[in-house]
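Here's the structure we're looking at; comments come further down.
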Amino acid sequence: MLRLFDTAVGDIVEIVPIAPGRFSMYVCGPTVYDLAHLGHGRYALVFDVLRRYLEWRGLKVRHVSNITDVDDKILERAEAENRSPSEVASEFEEKWFSTMAKLGVLKPHEIPHATAYVGQMVALIGRLLDEGVAYLGEDGIYFDVSKVGDYGLLARQSLESLKAGARIAEKDFKKSPMDFALWKFSDPSSWSWESPWGPGRPGWHTECVVMSVDLLGEEFDLHGGGLDLSFPHHENERAQAEAMHYKFSHHWVHNGFVMVGSEKMSKSLGNFTTLDELLETTDPRAYRLLVLQSHYRSPLDVNSQTVAEASRALSRLDSTCQRVLDAGVDMTSSQLDEEELQAFREAMDNDLDTPTATGRLFELRSKVNQLLDDGMLEEAGKACATMEHLFGALGLTLHGTEEAELPSNVKEIVERREEARSVKDFALSDRLRKELSDLGFAVEDTPSGPKVKRR
RNA sequence: GGCGGCGUGGCCGAGUGGCUUAGGCAAGGGCCUGCAAAGCCCUGUACAGCGGUUCGAUUCCGCUCGCCGCCUCCA
């Protein structure tokens, strides 16, 4: 079975689903106040791949991922643009899902919204107060981290050492600098909800506890997100769950950052590229391939060079598929290669080792070409079908490279070029190739005729 | 200051106590081609530095240097 690196353990552990054959996962989703950047794309792709792989392994997965639509930054933007927070939130949520669709990220089965859970958050905060693990501060209700014995587990640090490095501005009334806001009082005239303690807004760390427990129960298999969420966000979620005596998530999984040069890409550093910008010039599948070619916990450098390399690698995969199609091989009846499936499973089971898995698939691609060269069409079909199937399991669909319908002027030039070649007028032929090239099309001469593709 | 991680051939990027050079991209040579392209074959002898453990370390341990992340909002 699958083994994954569990942040709470600090090591790779065997993943044993709570209910055999089923898997429940909660992945922290975006705060919708701006466009999604490459880092969001990576986490979404990583957990999309995890989900798809679990499903490929035959598990019935329940994937929940939230939309955080209550946040100070949403309010700031709304005020700056003189519109309501909900308008801002719904705009960026819509854009989020349209970008995710381009990336081929499957929609989670449930998409809870924080605003729909404020009532439940208030109820949870009330219970935390009753338990004596929360207290009233000057500007809100705070969680008392000293009440959780192993606070700091996900940071792999003790409360003492966390305190030692705390950079957070001290508020005198807080018992510990690590204590965090559960409820923030606010002016009733601004964006706020009613609570027994007065109008206000919920702190960020409570919503995921309430939503995950509501939809997946007090005990579920996996909780995930970007590495930057491990502390304090996930730790604070865990602290609340501990205080409530929930069993909560069995495993905590985090993906590494997208780097810009040697710096983490983040909104606060302002060094981000939006996914939409990337996708204007890049096949979304190339970004998925780039993500797959590095391990999910490693930092990933995304720049024009690494993107170009992935694009190039992708187009070679596509052209191999095209070769198989051109050879007239019917892959629908092809058996899959068991040995390859097994190797794929082993790589993926080993902490989602997609670089090894894809490396193997590139070798398979080479094998398909060799078999085609040798005229072993049936074997080539089997290998190609396996390759397509396994890339498909990773959410990457391969397809042929030929344009379904060429513009008529392009078609006409191609025909004229063929005529020129048939009478060996290669000077004209080369001029026409140049013309096509200027129009953005590449032509390749093959035994079965010219192949035209967009460049 | 505390904690965690990283340093692999031109670049990206896996992995391992000794089998056999992961893989991708780029490069060089060859086959094929009117020329190209695609494809195939061949080529580069890498694991930061210094010690230690070991019959043997890129892989284990220690130290040094360099880099990064978290401890504040962040995927």
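Every chain is numbered from 1 and lettered A, B, ... according to where its sequence line falls, protein lines coming before strand lines. What you see is a predicted model; the values in this text were computed from it and never measured. Below, all heavy atoms of this structure are taken into account, side chains as well, without hydrogens, waters or symmetry copies.
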Quick one: which of [options] gets closest to the side chain of [X]?
X: A/R316; options: B/G39, B/A75, B/A14; value: B/G39
X: A/S319; options: B/A75, B/A38, B/A14; value: B/A38
X: A/D353; options: B/A75, B/G34, B/A14; value: B/A14
X: A/S294; options: B/A75, B/A14, B/C40; value: B/A14
X: A/D430; options: B/C71, B/A26, B/G34; value: B/G34
X: A/K264; options: B/C73, B/C40, B/C70; value: B/C70
X: A/R433; options: B/A14, B/C11, B/A36; value: B/A36
X: A/Q157; options: B/C3, B/C73, B/G34; value: B/C3
X: A/P232; options: B/G39, B/G69, B/C73; value: B/C73
X: A/E309; options: B/C12, B/C70, B/A75; value: B/C12

Using a heavy-atom cut-off of 4.0 Å across all strands, would you classify [X] as base, sugar-phosphate, or nothing?
X: A/T446; answer: nothing
X: A/D228; answer: base
X: A/H254; answer: nothing
X: A/V27; answer: nothing
X: A/M265; answer: base
X: A/G41; answer: nothing
X: A/V443; answer: base
X: A/F47; answer: nothing
X: A/G39; answer: base
X: A/R417; answer: base
X: A/K73; answer: base

Side-chain donor/acceptor of [X] to base of [N], under 3.5 Å:
X: A/D445; N: B/C35; answer: yes
X: A/T320; N: B/G39; answer: no
X: A/R312; N: B/A26; answer: no

Inter-nucleotide [atom1] distance ([N], [M]), Å rounded:
N: B/C47; M: B/C68; atom1: P; result: 23 Å
N: B/C12; M: B/U8; atom1: C1'; result: 12 Å
N: B/G66; M: B/U21; atom1: C1'; result: 29 Å
N: B/G10; M: B/U64; atom1: P; result: 29 Å
N: B/G44; M: B/G34; atom1: P; result: 32 Å
N: B/G13; M: B/C32; atom1: C1'; result: 32 Å
N: B/A27; M: B/A38; atom1: P; result: 10 Å
N: B/G9; M: B/G51; atom1: C1'; result: 25 Å

Verify the ring-centre separation between [Y] and [X]: is it less than 6.0 angstrom?
X: A/Y26; Y: A/W252; result: no
X: A/H250; Y: A/H223; result: no
X: A/F23; Y: A/F220; result: no

Is there a side-chain contact between [X] and the phosphate of [N], meaning an N or O under 4.0 Å from OP1 or OP2?
X: A/T31; N: B/C73; answer: no
X: A/Q370; N: B/C41; answer: yes
X: A/N369; N: B/C40; answer: yes
X: A/R365; N: B/G39; answer: yes
X: A/S366; N: B/C40; answer: yes
X: A/R297; N: B/A75; answer: no
X: A/K163; N: B/C71; answer: no

Let me confirm one number: the [atom1]-[atom2] distance from [X] to [Y], rounded to the nearest 0.5 Å.
X: A/L394; Y: A/T358; atom1: CG; atom2: OG1; result: 8.0 Å
X: A/R77; Y: A/F92; atom1: CZ; atom2: CZ; result: 3.5 Å
X: A/M1; Y: A/L54; atom1: CE; atom2: CG; result: 6.0 Å

> Any Lys/Arg nitrogen of A/E91 or A/K95 sitting under 4.0 Å from an Asp/Glu carboxylate oxygen of the other?
Replying inline: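 Salt bridge between A/E91 and A/K95, a charged N being under 4.0 Å from a carboxylate O: yes.
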> Dot-bracket for RNA chain B: what is it, with Watson-Crick or G-U pairs under 3.5 Å, [ ] where a pair crosses earlier ones, and | for a pair to another strand?
Replying inline: (((((((..(((.....[....))).(((((.......)))))....(((((..]....))))))))))))....
> Between A/R417 and A/S429, is there a donor-acceptor pair closer than 3.5 Å when you use the side chain of the first and the backbone of the second?
Replying inline: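 Present.
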> For A/R297 and A/N255, what are the C-alpha separation, side-chain angles and deciding distance, and is it a side chain to side chain donor-acceptor pair (under 3.5 Å)?
Replying inline: CA-CA 5 Å; A/R297 286 189 285 118; A/N255 66 276; over 6 Å; no
> So which one's nearest nucleotide on RNA chain B is more toward 5', A/Q305 or A/H40?
Replying inline: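 The residue closer to the strand's 5' end, by nearest nucleotide, is A/Q305.
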>> Pick the closest RNA chain B nucleotide for A/S266 and for A/E363 by heavy atoms, then say which residue is nearer the 5' end.
In response: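 The 5'-side residue here is A/E363.
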Does [X] make a cation-pi contact with [Y] (under 6.0 Å, within 45 degrees of the axis)?
X: A/K175; Y: A/Y135; result: yes
X: A/K267; Y: A/Y33; result: yes
X: A/K453; Y: A/F441; result: no

> Listed in order of residue number, which residues of residues 88-97 of chain A have a non-hydrogen atom at under 4.0 Å from RNA chain B?
Replying inline: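 Hits under 4.0 Å, by residue number: none.
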> Is there ring stacking between A/F426 and B/G34, where the centres must be under 5.5 angstrom apart and the planes under 30 degrees?
Replying inline: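 So yes, this residue stacks on that base, both cut-offs being met.
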> Would you call the rings of A/H205 and A/F180 parallel, tilted or perpendicular if under 30° counts as parallel and over 60° as perpendicular?
Replying inline: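 A/H205 vs A/F180 ring planes: perpendicular.
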> Does a donor on one side chain and an acceptor on the other come within less than 3.5 Å for A/Q322 and A/D318?
Replying inline: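 Short answer, no.
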